[in-house]
Enquirer: 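Mind having a look at this structure? Questions to follow.
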Amino acid sequence: MAEEPVNVNGFRELARQTLPKMYYDFFTGGAEDQYTLKENEEAFHRITIQPRILVDTSSIDLSTMVLGYSISMPVMIAPTSRHKLANPSGEIATARAASTCNTIMVLSISSTCTLEEVAACCNAVRFFQLCVYKRRDITAKLVQRAENNGYKAIVLTGDSPRHGGREADIKNKIIIPELKNVEGLLSTKIVADKGSNLDALANQTRDPSFSWEDIGWLKSITKLPILIKGLLTHEDALKALEVGAAGIIVSNHGGRQLDYCPPTISVLEEVVRAVGGKVPVFLDGGVRQGTDIFKAMALGAQAVLVGRPVLYGLAAKGENGVRRVLEMLKEELELTMALSGCSNVKEITRSHVRTKHDRQLLSLL
């Protein structure tokens, strides 16, 4: 009998034992050399925590506000595709775990349960992640369906005009199931001449011309707030403000798109400074433990999003696995806050962490 995991990385090993290699590789893999994939985690390790002692931490409050919604902790579920490859219950199990843990789930446009099915399964606060298709009418229908089914925000993925070079999927010749949200709207039965049909599907259906100038069109078809996901620079942060984004998600797509772009935690502060508090900034990529969440918040994130750990929990133990992953992260963050002298998330400040750049500056003094 496998040992009960003591941290979220333990669920990764359970997922490896549970899943067919093709699907495990699909969930874990990154683009090309996987430099960015690895650095997303490693970059957290180069940040140290500067604790304050003799602070009353007898009561710790992790509650956080996201776009006006109160959640139990500064951790949300990132949009990840095709949950039924991990567990037959798919995104329904994930949403129910989010509801139990009182946090937000961002449902992927490439989900294996329809957005209606997920909306009906529980009362979790849900956002809908959007990639824009060449067929704008189909994109508009999806946005309207999300709004009609109680989704509270649109999360626009901006870093995927084409599919990243995910070599494991090409080697495995992975064939993906039908995309439920576009069933009857868009043919996804695309046969690739070689390798993965994921590349062929994405490159034949997504609109690579979609740009900043088109955000106005998206805003014109919905009343929902729009968060922009996938930016890594202060220049793009300023553009997001210009087009009226309600929030920014600093993300490199979990290292699955452009390899050798920076790990997200390394550019978070640059984006936060550019935004200047005008809209909330969130981070995904490489978050694996409570100390990672603490470091992200100290550098200015309002909350983080976790993707792969949720999928590992889902693969290993279904809904209960997702719930346990979220609980573990919450417990670890609470412990980190207590040991760092923070009784609530607002007390986590820039002075609580030291980056590599900070240490270099100190060495010059």
Side-chain angles (χ1 to χ4, degrees), residues 66-71 76-84 89-99 102-160 177-188 201-202 205-207 210 214-230 240 243-249 251 253 279-280 282 284 303 305-307 310 322:
V66 172
L67 299 187
Y69 300 97
S70 179
I71 56 177
M76 301 183 285
I77 294 179
T80 50
S81 68
R82 302 169 176 90
H83 288 205
K84 282 190 177 181
S89 297
E91 289 81 5
I92 286 174
T94 306
R96 285 175 173 162
S99 180
N102 186 25
T103 192
I104 293 168
M105 175 187 181
V106 185
L107 181 72
S108 169
I109 191 173
S110 301
S111 58
T112 42
C113 299
T114 66
L115 62 90
E116 289 85 1
E117 288 170 336
V118 174
C121 77
C122 64
N123 61 356
V125 176
R126 298 170 310 279
F127 296 169
F128 183 67
Q129 176 263 334
L130 184 73
C131 290
V132 176
Y133 291 126
K134 292 175 182 176
R135 290 273 308 275
R136 291 283 179 91
D137 58 320
I138 291 174
T139 303
K141 283 177 183 174
L142 289 168
V143 170
Q144 288 156 10
R145 283 166 57 191
E147 192 166 339
N148 292 341
N149 282 276
Y151 289 75
K152 303 302 184 185
I154 298 297
V155 175
L156 175 68
T157 293
D159 62 1
S160 303
E178 289 284 283
L179 299 180
K180 299 299 288 186
N181 284 318
V182 294
E183 213 168 45
L185 298 173
L186 185 71
S187 174
T188 58
L201 174 63
T205 58
R206 290 182 194 165
D207 183 0
F210 193 84
D214 296 305
I215 301 294
W217 168 80
L218 184 58
K219 291 178 73 175
S220 76
I221 63 170
T222 182
K223 296 176 183 176
L224 295 178
I226 298 168
L227 290 83
I228 298 179
K229 176 178 178 286
V243 299
I248 288 169
I249 301 175
S251 172
H253 217 103
V279 299
F282 308 96
D284 81 0
L305 295 92
V306 291
V310 166
V322 177

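Note: hydrogens, waters and symmetry copies are ignored here, and every other heavy atom, side chains too, is used. Keep in mind that this is a model prediction, so the values were computed, not measured. We count residues from 1, following the sequence as given.
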Enquirer: Are the side chains of V143 and L218 in contact, using a 4.5 Å heavy-atom criterion?
Expert: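 Counting from C-beta outward, L218 and V143 do come under 4.5 Å.
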Enquirer: Test your reading of the model: is there a side-chain donor-acceptor pair from Q129 to the backbone of V155, 3.5 Å cut-off?
Expert: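 Not at all, since once roles are kept as given, no pair shorter than 3.5 Å links the two residues.
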Enquirer: In terms of side-chain geometry, is the basic nitrogen of E116 or R145 positioned less than 4.0 Å from the acidic oxygen of its partner?
Expert: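 Looking at R145 together with E116, the answer is yes, because their closest N to O distance falls below 4.0 Å.
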Enquirer: With a 4.0 Å cut-off on N to O distance, would you call R136 and D214 a salt bridge?
Expert: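 Yes, R136 and D214 are salt-bridged.
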Enquirer: When you measure from the side chain of S99 to the backbone N and O of R96, does any donor-acceptor pair fall under 3.5 Å?
Expert: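 No, S99 side chain to R96 backbone: no donor-acceptor pair under 3.5 Å.
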Enquirer: Within the distance-only criterion (no hydrogens, no angle test), does the side chain of K152 pair as donor or acceptor with the backbone N or O of L67 below 3.5 angstrom?
Expert: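 The answer is no, because no donor-acceptor pair under 3.5 Å joins these two groups.
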Enquirer: Pair Y69, N102 - check side-chain contact (heavy atoms from CB on, under 4.5 Å), show working.
Expert: CA-CA 10 Å; Y69 300 97; N102 186 25; over 6 Å; no
Enquirer: I'd like to check the side-chain hydrogen bond (donor to acceptor under 3.5 Å, both in side chains) partners of T103; sequence neighbours left out, ordered by chain and number.
Expert: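 Result, side-chain hydrogen bond (donor to acceptor under 3.5 Å, both in side chains) vs T103: none returned.
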Enquirer: For the residue pair Q144 and T222, confirm or rule out a side-chain donor-acceptor distance under 3.5 Å.
Expert: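 The answer is no; no qualifying pair exists.
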Enquirer: Please examine the side chains of F282 and M76, heavy atoms only from C-beta on, and report whether any two atoms are closer than 4.5 Å.
Expert: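 When only atoms from C-beta onward are counted, F282 and M76 do touch, with a gap below 4.5 Å.
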Enquirer: Would you please say whether a donor-acceptor pair under 3.5 Å links the side chains of D284 and S251?
Expert: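 The answer is yes; a qualifying pair exists.
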Enquirer: Decide yes or no for L227 and I154: does some side-chain heavy atom of the first lie under 4.5 Å from some side-chain heavy atom of the second?
Expert: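 No. Closest side-chain heavy atoms not under 4.5 Å.
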Enquirer: Give a yes or no on whether the backbone of Y133 and the side-chain of R135 come within a donor-acceptor separation of less than 3.5 Å.
Expert: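 Not confirmed, R135 side chain does not pair with Y133 backbone.
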Enquirer: Can you measure from CD1 (I221) to OG1 (T139) and round to the nearest 0.5 angstrom?
Expert: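 Those atoms lie 7.5 Å apart.
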Enquirer: Does R126 reach the main-chain N or O of N149 with its side chain, forming a donor-acceptor pair under 3.5 Å?
Expert: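 It does hold such a pair.
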Enquirer: Taking the side chain as every heavy atom from C-beta outward, state whether I215 and W217 have any pair of such atoms under 4.5 Å apart.
Expert: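 A side-chain contact is absent here, since even the closest heavy-atom pair is not under 4.5 Å.
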Enquirer: Calculate, to the nearest 0.5 Å, the distance between atoms SG and CD1 belonging to C113 and I92 respectively.
Expert: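 It comes to 4.0 Å.
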Enquirer: Tell me whether T80 contacts the main-chain N or O of G307 through its side chain, where contact means a donor paired with an acceptor under 3.5 Å.
Expert: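 It does not hold such a pair.
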Enquirer: Using the rule given for side-chain hydrogen bond (donor to acceptor under 3.5 Å, both in side chains), can you reason through E91 versus S111, listing the C-alpha separation, both sets of side-chain angles and the distance that settles it, and then say yes or no?
Expert: CA-CA 7 Å; E91 289 81 5; S111 58; 4.8 Å; no
Enquirer: Treating Y151 as the side-chain partner and L115 as the backbone partner, does any N or O pair qualify as donor plus acceptor under 3.5 Å?
Expert: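 Judged by distance alone, yes, a pair lies under 3.5 Å.
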Enquirer: So T94 and H83, side-chain hydrogen bond (donor to acceptor under 3.5 Å, both in side chains) or not? Walk me through it.
Expert: CA-CA 8 Å; T94 306; H83 288 205; 2.9 Å; yes
Enquirer: Judged by atom type as modelled, is there a donor-acceptor pair below 3.5 Å linking the side chain of N181 to the main-chain atoms of T114?
Expert: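 Checking the backbone N and O of T114 against the side chain of N181, no donor-acceptor pair under 3.5 Å is found.
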